Amino acid sequence: MTDNLNINAKPRSKIKDVWDQFKSHKGALLGAIIFFSIVLLVMVGPFIWPFDANQIDIRSRNQGPSLLHPFGTDQLGRDTLARMMAGGRTSIAVGLAAMALSLFFGSFIGVTAGFYKRLDGVLMRFTDLFLSLPLLPLLLVMMLLFREPLSEAYGPERGMFVLIVVSIGITSWMPTARIVRADVLALKEREFVLAAKASGTSDTFIILRHIMPNVLSPIMVSATLGIANGIITESALSFLGLGFPPDFPTWGRLLNDAVDYLQQFPERVFWPGLAISLTVLSINYLGDGLRDALDPRMRKR
Amino acid sequence: MRIKSLFVGLAAALIATASFAGRGSDGNVSIIYWQAPSILNPYLSGGTKDIESSSMIIEPLARYNETGALVPFLAEEIPTVANGGVSADLKSITWKLKSGLKWSDGSAVTSADVKFTGEYCMDPDGGCAQLEKFDGVTNIATPDDRTIVVSFSASKPNPYGPFVGGQTPILQKKQFANCMGAKAPNCTAENFGPIGTGPFVVTEFKPNDVIQMKANDNYRDPNKPAFATVTFKGGGDATAAGRSVLETGEFDYAWNLQLAPEVIANMEKAGKGVAIAGFGPLVERLEMNMTDPSPSLDADTRSTRKAPHPFLTDINVRKALSMAIDRPLLVEIGYGKAGDVTCDLVPAPDLYAAKNTHCLKQDIAGANALLEKAGWKKGSDGIRAKDGVKLSILYQTSTNAVRQDFQALIKEWWQQIGVETELRNLNASVFFGGDPGSPDTYQKFYADVEMYANTFDGTDPQAYLSAYRCGNEPKPESQWQGANINRYCDPAYDALLDKLSATGDLKKRGEIGIQLNNMLTKDSYTIVPLVHRGRVSAHAKSLGGVVLNTWDSELWNVADWYRIK
Amino acid sequence: MLTYIARRLLISIPTLIFISLVIFLLLNLAPNDPMAQVPLTVPPEVKQKMREALGLGQPLYVQFLKWLIQLFWIEPQVFIDYMFNTSFSEGKLRVISWQTRSPVMDIIVQRMPQTLWVVGMSYVVGILIAIPIGIYSAYKQYSVFDQVGTFVTMIGYSVPPFFTGVFVIVIFSVQLGWLPSIYDTTHTVVDWETFKIQLKQMVMPVMVLALQTTAMINRFMRATMLDNLNQDYVRTARAKGLSEWTVVMIHVLRNSMIPVITVIALNVPAIFGGAIITEQVFKVNGIGQQLIGAIYANDLPTVQTITFMFAVLIVLFNLLADIIYGILDPRIRYD
């Protein structure tokens with residue numbers, strides 16, 4: 001409507017365009033709202049909520065939900081809501097950071113290998129190598145080499161954070177790289193890329209302008225799956241004694257600890273399970289909306 | 001007298017035949033171990049799962065029963081000084097085999113098999129896991145087919161090392177003759193299916209997965225075992241094992257359910273089985289590092305006796321740390337009926353148990369007063385300090401749900417007495433491994449306090465207590481191997497240890513043992529015991545004859561198991 | 001194309017040897033110890049002797065060369081002996097596991113059936129469910145079907161198998177008593193009855209694993225289908241009067257398969273690698289359980305051999321994927 005009326009007005013900014021498209025995507029909007037409320041809750045919640053995540057109150061252990069403890073308490077009488085909020089901070093941070101890292105590595109290697117034939121062989125054999133490395137020994141070696149220097153540089157918790165994010169990141173970029181490469185291999189033979197090449201456009205420009213937008217959807221899928229993967233891998237690391245210090249709750253760890261109590265206290269698995277699923281779902285919808293919004297063809301529709 | 005005992009024997013045999021319909025009449029029994037057996041030769045493994053699974057097939061001369069007393073298995077009786085079986089100078093022991101014993105292949109068991117077993121383990125290239133049991137053995141003689149004389153280089157107050165207990169069963173010479181020393185690993189068929197004297201023989205062994213067995217046709221008691229076949233499944237986790245016996249009834253026996261007490265109690269409600277507990281000498285304890293683990297020290301000094309610990313060398317600090325702990329609560333939360341409060345390093349057997357009670361009650365106020373008196377004053381951050389040294393502790397242990405709960409609780413209590421704690425949990429295969437290149441092994445002890453559990457085989461704690469001898473500590477020169485984990489060193493303790501190894505009289509040994517135990521715990525607080533841990537296993541309600549034994553293999557009396565109809 | 005395949009296969013050999021060297025060094029650097037699971041009651045001196053008996057004292061390059069020779073020279077002989085009843089390998093030392101002191105290959109062969117039954121089957125089930133759902137979801141984007149599909153698959157992916165596995169056991173084994181909670185690896189299928197038992201014990205692990213596969217493949221399928229449905233060629237094809245079925249199922253699907261093929265090819269080796277957690281939960285004791293057990297026990301020969309075979313499959317299946325790209329989209333050329 002407005003477009004027709006303002007034919008002579010200056011071209012609308014691209015960001016506004018994207019935002020308009022995004023807004024009209026109901027799922028995406030809902031996803032964004034849920035995701036940002038979760039983030040807000042875990043960031044601000046611990047400052048408001050009267051209980052500390054590690055505050056032990058042995059007299060009120062194993063309690064069900066009540067007004068005082070809406071999510072109940074665990075086997076040491078710690079407040080589950082407080083632990084969920086503290087855990088969410090770590091889990092979301094780890095999930096996002098690890099996903100970003102693995103996406104960056106994956107897309108970079110995938111695009112480079114797909115676009116430059118000469119680098120393809122080397123990069124893909126490098127990917128094969130990483131796919132073959134057994135995860136657990138690799139992590140043990142990383143802990144051995146880098147835990148002390150990192151915890152000296154950043155303190156024990158932040159050092160661990162960096163280490164965990166990097167470990168998950170560098171052990172999960174390979175599928176993204178292979179998928180992106182496969183797409184690029186097909187894309188670079190398409191007419192519009194060939195035309196751009198023929199007209200002397202620089203490689204960097206072709207990649208950013210023509211290739212990247214077209215491999216966005218597999219990257220988005222990898223991103224959503226990557227967040228879930230990051231959160232769950234972190235819990236596996238804690239479970240193996242390779243993760244955060246034991247008085248550092250995360251969603252994955254809460255879920256893991258609660259599985260044994262599945263029959264007595266089903267709510268204990270329910271909360272972290274719900275939180276992880278909700279986060280992943282909301283990011284999935286957010287990603288869907290973002291992809292649609294960024295895709296010029298979709299915008300035209 | 002003779003006639004009477006004959007009568008009693010006959011009556012017993014009659015009763016036995018009445019209650020057991022005979023060998024193989026009760027069908028199949030299924031056992032689940034959440035750690036899967038990888039080999040059926042305990043000399044090559046040392047793992048509990050392997051020792052216990054093989055104990056159904058191969059047997060020693062004598063075993064410990066559920067009270068820790070020795071009972072003859074392949075031997076006719078237990079040799080003692082009183083019956084002349086052990087020489088007066090304690091330098092040799094003479095065993096006599098039961099008559100008419102047969103291997104499962106039908107051939108006769110002779111003293112040569114026993115002698116061979118000793119030689120097999122003592123071969124220098126074999127890497128035998130049970131070598132310590134043969135410590136000091138100079139010669140194994142076989143005067144006749146049924147007699148074995150084991151001689152020791154020095155007097156052995158406890159001569160029941162070789163061929164006693166699940167760790168050192170008798171192998172068949174004929175089968176293993178070509179498997180000595182370096183050839184041991186080539187003998188896959190032998191290691192997976194040893195010929196034995198036990199109630200069962202292997203029909204199929206899938207390593208780290210499942211063992212199938214059938215009753216031994218040549219077992220010495222013609223009416224046993226009651227079961228014709230055994231399925232021995234391994235793998236998974238303790239929860240699943242407990243569930244399969246207590247809740248779904250798929251299995252008859254589950255080993256070592258290290259689970260939270262509420263979880264077990266809830267599983268028992270299903271009514272399919274019962275959990276049983278037994279106590280050996282296993283103690284969960286805190287070890288106080290007497291040396292400085294600070295990362296600023298170089299590798300040759302860190303956590304060695306060259307650098308004494310800045311504050312844990314003060315006995316008041318160690319004592320206060322112990323006083324702040326509420327042990328009954330730890331037991332309630334972590335172990336339930338599988339745990340007991342203890343202040344001793346050696347809580348059992350009775351002869352050696354000091355039964356101290358000083359630590360049973362938590363005393364936060366007392367601990368605070370003690371630290372205050374010793375000059376440790378609280379700073380503005382609530383952490384006590386003296387001469388610029390802060391009471392700040394790094395507390396490490398292996399990864400396991402109960403241990404992490406303990407860490408959280410103890411951290412909280414220590415905070416109440418003005419001690420700051422950083423927690424660390426480590427992967428068990430790194431923590432308990434001895435890789436000298438890793439900073440995270442329990443031997444290296446790059447922390448102020450660490451928590452783990454330890455025990456000893458059999459009923460004699462001499463070797464266990466000797467661990468804390470001066471010079472036995474892990475150090476760079478010994479590639480960080482050594483059993484004196486807390487780096488305790490007291491000449492008086494060493495002198496007392498020497499006295500123990502020269503004393504044969506059991507009552508006196510008990511007294512010395514208690515004294516040694518007290519020096520490490522009550523008098524010095526270098527070891528702070530927390531929980532006397534028992535073992536919980538579960539069996540189906542329809543499985544009879546189970547007697548939980550923590551001094552030997554749990555499956556020690558599997559020949560007596562039967563189906564309740 | 002043939003020269004390309006030949007060249008790739010040739011390059012694979014040095015690649016694989018390099019990969020195995022990296023794995024070997026990694027395993028040796030890791031702070032694990034094969035003695036970690038031996039009880040603390042065994043004194044340190046004895047443990048040291050046990051390590052020496054395992055050959056741990058030897059220099060690294062000797063250990064590595066020994067492994068190479070055992071795997072590439074002696075193991076094939078064992079295989080020939082087995083096939084033709086010859087005796088080339090007699091008395092030669094094979095790759096021996098430190099845990100079981102038996103040939104690693106024998107255990108791998110022993111564990112193949114349950115791994116293929118459970119993990120392989122779950123993969124097939126997962127793909128068969130994921131692809132049609134993905135296609136239909138994309139075709140009817142934002143329909144109720146699509147929304148429900150997205151919801152279920154995303155929850156399926158974000159709830160880890162250590163939870164779903166226990167959850168289905170509690171419901172179907174404990175509460176209802178329909179299915180066994182522990183997989184019986186000794187069970188052999190001989191007739192209809194035993195087949196039903198096999199089916200019963202497979203249902204839960206297969207479904208738990210298939211949930212993950214379905215979620216993953218379904219997401220990629222849907223996303224690339226959506227991308228392609230909006231392309232100009234679809235409009236052209238429709239304008240030409242081609243039937244909707246031909247347009248979607250032939251043209252669009254063919255062009256959308258590339259990422260999906262990649263994901264499938266990436267995960268086929270994982271079938272062989274087994275599913276560590278699911279195998280553990282259901283006691284399937286396949287190759288995944290063997291690998292994780294060997295890692296915990298620091299059984300280097302076993303870990304090294306399994307990861308190497310894993311690497312071979314990765315290299316082969318990635319090559320296969322590259323070939324399929326060329327078939328799906330003839331514009332992709334490698335030479």
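Small disclaimer: the values here were computed from a predicted structure and weren't measured. Chain letters run A, B, ... following the sequence lines, proteins first and then strands; every chain starts at 1.
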From CA spacing to verdict: side-chain contact (heavy atoms from CB on, under 4.5 Å), A/Asp257, A/Arg268:
CA-CA 9 Å; A/Asp257 289 351; A/Arg268 273 193 217 162; over 6 Å; no
Under 4.5 Å from any heavy atom of chain A, what part of [X] do you find: side chain, backbone, both or neither?
X        : result
C/Val166 : both
C/Leu29  : both
C/Asp329 : side chain
C/Tyr296 : side chain
C/Val312 : neither

Is it the side chain or the backbone of A/Asn256 that comes within 4.5 Å of chain C heavy atoms, both, or neither?
both
Name the region of A/Leu225, side chain, backbone, both or neither, that has any atom closer than 4.5 Å to a heavy atom of chain C.
both
Hey, are A/Asp120 and A/Lys117 close enough for a salt bridge, meaning a charged N less than 4.0 Å from a carboxylate O?
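A/Lys117 and A/Asp120: not salt-bridged.
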Are A/Tyr261 and A/Asp74 linked by a side-chain donor-acceptor pair shorter than 3.5 Å?
no
For the residue pair C/Tyr157 / A/Ser277, report whether a side-chain donor-acceptor contact shorter than 3.5 Å exists.
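There is no such pair between these side chains.
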Donor-acceptor pairs are to be reported for all side-chain atoms of residues 15-26 of chain C against protein atoms at under 3.5 Å, with residues two or more places apart or in another chain.
{"unit_1": "C/Thr15", "atom_1": "OG1", "unit_2": "C/Ile11", "atom_2": "O", "d": "2.6"}
{"unit_1": "C/Ser20", "atom_1": "OG", "unit_2": "C/Leu16", "atom_2": "O", "d": "3.3"}
{"unit_1": "C/Ser20", "atom_1": "OG", "unit_2": "C/Ile17", "atom_2": "O", "d": "2.8"}

With chain C as the partner, which of A/Leu281, A/Thr279, A/Asp183, A/Leu133 has the greatest number of non-hydrogen pairs under 4.5 Å?
A/Leu281
Looking at A/Ile231, A/Thr127, A/Leu262, A/Leu139, which makes the most heavy-atom pairs under 4.5 Å with chain C?
A/Leu262
Hey, could you give me each pair passing salt bridge (Lys or Arg N to Asp or Glu O under 4.0 Å) that has a residue in residues 140-169 of chain C? Not counting sequence neighbours.
C/Asp146-C/Arg222
Can you list the steps and then say if C/His251 with C/Val234 is a side-chain contact (heavy atoms from CB on, under 4.5 Å)?
CA-CA 8 Å; C/His251 294 278; C/Val234 179; over 6 Å; no
